[in-house]
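Each chain gets a letter, A, B and so on, in the order the sequences are listed, and its residues count up from 1.
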2 protein chains.
Amino acid sequence: MPRALSQRQRAILDYIERFLDENGYPPTIREIQHDLNISSTSVVDYNLNVLEQRNLIRRNRNISRGIELVGRRSAEKRVVRIPLVGQIAAGQPLPVLEEVDPATVNDHIELSVDLVGRSQDGLFALRVNGFSMIDALIGDGDIVVLRRQQTAENGETVAVWLRREQETTLKRFYHEGDRIRLQPANATMAPIYTTPDNVEIQGKLVTVLRSVS
Amino acid sequence: MPRALSQRQRAILDYIERFLDENGYPPTIREIQHDLNISSTSVVDYNLNVLEQRNLIRRNRNISRGIELVGRRSAEKRVVRIPLVGQIAAGQPLPVLEEVDPATVNDHIELSVDLVGRSQDGLFALRVNGFSMIDALIGDGDIVVLRRQQTAENGETVAVWLRREQETTLKRFYHEGDRIRLQPANATMAPIYTTPDNVEIQGKLVTVLRSVS
DNA sequence: CCTTGACACGAACATCTGTTCGCTCGTATA
DNA sequence: TATACGAGCGAACAGATGTTCGTGTCAAGG
């Protein structure tokens, strides 16, 4: 009974959701039929009934456009607002999050949740200044989204502050015995080797974003 | 002209809002008429027109339940759904958009509108395969969002198909006299010079996206 | 007293839109 | 082979719903 949705049923469900977002009211059977290139209204009717039995939609009989999405995740819940707290550049440390007044931050970026993972705690964004992270395929003007954390698993890409070098960098992190290897994402570039007391992990890379004007 | 709403108009507006919350779809003229004890549908029609001129609702003519609340849409309209239509790699052309059946595409990415600009027409997304575009700071697994177009202004970053080389690449575009210069984003790398008949513009780069797992 | 404009009325009309029904096709299952 | 069933098809039907139009009321202004 709880079989998977057919491709057509999924397409219909997606269509209804999109239509609702765009128009503020649900589509008719014929609109679904036409836009999805279905030959007959009765096919749409048939599949809508399946969707209703799966409890994915509710149908109001004899009412035009009487389709409701049951689990309607509102569009707003799919979006997370991430504060853009400052800049990141090679020669300066990250802004200290605790010193950033949340009320002061009026710059935010919005991303859909599937880009940043489920838990949106500790997320913050920085605009990249300069080309110091070009080895991580990150250029001037890009936006990086980080998750605040002080430790890192091997292989994670993290933003670190190198105490001796007085420098911020973004590298893959590997703890190897009593030294630490910081590996650029670009395979053609050489890694940095240093000691644990020299690295201060600032956060883990979650997303990189480049918007071309 | 900007007079206050009549009592009846306010009642209708409230009713629409309540109805929308309860049912997920807008009311018909007759439902408004009946529940508000109005004697004629034309009275409702008349007042709906007034509300529309006040820009409080939008009416979609000849469509049943075609009433939208204007203020309500702003919250939902922040996200655009972009179809992920395929892959992009050096050795193969882009998928032909016209051949992609919209109903088949069940993979989408969602971005907030301010990342892609206002008009969301012609937008499509591709997953990057391989490192052929590393000179544009784009790596394996990244997602690029493009806007379909056949021509380009100087300086725009475009996806082009090089006919002779049988290759897809992503470069800044410059038309210089009777030749074309394709400039990598990475300043340390050399440009490509070629002739107009060799380049086939596929689309303009809008956004680059990298989600780190 | 007459005109004008906002607002309201009711009925007829024309679509829009959901529903139903007989039929086909392919894949299992008995 | 016979039967059942999910899925799809096309057409006709009936009810739901927006539109139009002639008419009526009333207060404001000339």
Open item on the list: Tell me whether the side-chain N/O atoms of N47(B) come closer than 4.0 Å to OP1 or OP2 in dA8(C).
Closed with: yes
Open item on the list: Tell me the interatomic distance from R10(B), atom CZ, to dC7(C), atom C1', rounded to whole angstroms.
Closed with: 18 Å
Open item on the list: What is the distance, to the nearest angstrom, from the CD atom on Q33(B) to the C1' atom on dC9(C)?
Closed with: 10 Å
Open item on the list: Can you see if the side chain of R8(A) gets near the phosphate of dA7(D) - specifically, an N or O under 4.0 Å from OP1 or OP2?
Closed with: no
TODO: Report yes if a side-chain nitrogen or oxygen of Y46(A) is closer than 4.0 Å to either non-bridging phosphate oxygen (OP1 or OP2) of dA7(D); otherwise report no.
DONE: yes
Task: Residue whose closest nucleotide on DNA chain D lies nearer the 5' end, S40(B) versus S42(A) - done: S42(A)
Task: Backbone of S39(B) reached by a side-chain donor or acceptor of Q33(B) within 3.5 Å - done: yes
Task: Contact under 4.0 Å: S39(A) side-chain N or O vs dG10(D) OP1/OP2 - done: yes
Task: Check: P196(B) main-chain N/O paired with R179(B) side-chain donor or acceptor under 3.5 Å - done: no
Open item on the list: Looking only at side-chain N and O atoms, does R163(B) offer a donor or acceptor that is under 3.5 Å from a partner on T194(B)?
Closed with: no
Task: d(CG, L48(A); P, dG18(C)) in whole Å - done: 9 Å
Task: Between P of dC9(D) and CD1 of I32(A), the distance in whole Å - done: 15 Å
Identify all pairs in which a protein N or O lies below 3.5 Å from an N or O of nucleotides 23-29 of chain C, and state each distance.
none

TODO: For E68(A) and dG18(C), give me the distance from atom CD to atom P, rounded to whole Å.
DONE: 14 Å
Open item on the list: Is it true that, when you exclude H34(B) itself, more than 12 heavy atoms of the residues, nucleotides or ligands shown sit nearer than 6.0 Å to its NE2?
Closed with: no
- [ ] Answer yes or no: is there a donor N or O on one side and an acceptor on the other, between the side chain of N23(B) and the main chain of F19(B), under 3.5 Å?
- [x] yes
Open item on the list: Without decimals, in angstroms, what is the distance between Q53(B) CD and dG5(C) C1'?
Closed with: 14 Å
- [ ] Starting from C1' on dG18(C), measure out to CG on L51(A) and report it in whole angstrom.
- [x] 16 Å
Open item on the list: Under a 3.5 Å cutoff, is there a donor and acceptor pairing between the side chains of Q183(B) and R181(B)?
Closed with: yes
Open item on the list: Whether the N198(B) and E165(B) side chains hold a donor-acceptor pair (N or O, under 3.5 Å, no angle test) is what I'd like checked.
Closed with: yes
- [ ] Can you tell me the distance, in whole Å, between the OH atom of Y25(A) and the P atom of dT17(C)?
- [x] 9 Å
Task: Test item: E52(A) side-chain N/O and R59(A) main-chain N/O as donor-acceptor pair under 3.5 Å - done: yes
Every protein N/O lying under 3.5 Å from an N/O of nucleotides 16-18 of chain D:
from	atom 1	to	atom 2	distance (Å)
dT17(D)	OP1	S64(A)	N	3.3
dT17(D)	OP1	S64(A)	OG	3.3
dT17(D)	OP1	R65(B)	NE	3.2
dT17(D)	OP1	R65(B)	NH2	2.5
dG18(D)	OP1	R65(B)	N	2.8
dG18(D)	OP2	I29(B)	N	2.7
dG18(D)	O3'	N62(B)	N	3.4
dG18(D)	N7	R30(B)	NH1	2.7
dG18(D)	O6	R30(B)	NH2	2.6

Task: Residue pairs, two or more places apart or on separate chains, that pass salt bridge (charged side-chain N to carboxylate O under 4.0 Å, His left out) and touch residues 23-38 of chain B - done: E31(B)-R65(B)
